[in-house]
Amino acid sequence: ATIHNGGENSVLEDWLWDNFGICLLFLPARSPELNPIEQVWKLLVQKMKKVPLNVMREAGADASAQAASVILSSMTHCDVAGCYKHCNYL
């Protein structure tokens with residue numbers, strides 16, 4: 001599909017740049033090291049692994065979702081900037 005490779009998106013690209021200063025970058029397929037969201041998921045998993053299993057069991061069926069929500073909500077702008085920096089965007 002053209003949305004995935006930028007083939008027919010020049011109008012959208014121009015609008016984003018002209019109105020918000022946003023430049024679209026199309027990433028190569030299967031390149032998680034270039035995708036900042038992959039770094040966010042990595043941080044989430046690292047922090048989830050630090051939550052004791054007995055705490056998760058006591059919290060009930062949706063404990064993972066609750067823990068993930070708390071962890072993601074506690075991420076700072078610096079954390080997110082670090083994800084972009086890791087991918088060499090900053």
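Worth saying up front: this structure is predicted, and the values here are computed from it rather than measured.
- Considering only residues two or more places apart in sequence or on other chains, Ala81 meets the side-chain contact (heavy atoms from CB on, under 4.5 Å) condition with Leu90.
- Listed here is the closest heavy atom pair of Cys87 and Pro36: SG-N, 3.6 Å.
- In this structure, the separation between CD on Gln39 and CG on Leu34 is 9.5 Å, given to the nearest 0.5 Å.
- Listed by first and then second residue, the side chain to side chain donor-acceptor pair (under 3.5 Å) pairs involving residues 69-85 are Thr76-Asp79 (not counting sequence neighbours).
- For the atom pair Leu16 CG and Leu24 CG, the distance stands at 5.5 Å (nearest 0.5 Å).
- There is a path of hydrophobic side-chain contacts, each under 4.5 Å, that joins Met48 to Val40.
- Not counting sequence neighbours, Trp17 has no partner by the ring-ring contact (aromatic ring centres under 6.0 Å, His included) test.
- Closest heavy-atom contact between Ala68 and Leu44: CA-CD1, 3.9 Å.
- Of all non-hydrogen atoms in Pro32 and Glu38, the two that sit nearest each other are O-CB, 3.6 Å.
- Sorted by first and then second residue, the side chain to side chain donor-acceptor pair (under 3.5 Å) pairs involving residues 18-35 (not counting sequence neighbours) form an empty list.
- For the atom pair CG of Leu43 and CD1 of Ile71, the computed distance is 10.0 Å after rounding to the nearest 0.5 Å.
- Legend: side chain to side chain donor-acceptor pair (under 3.5 Å) pairs involving residues 47-64, not counting sequence neighbours, sorted by first then second residue: Asp62-Gln66.
- Here the CD atom belonging to Gln46 is positioned 14.0 Å from the CH2 atom belonging to Trp41, to the nearest 0.5 angstrom.
- One hydrophobic cluster, built from ILVMFWY side chains closer than 4.5 Å, holds both Val51 and Leu72.
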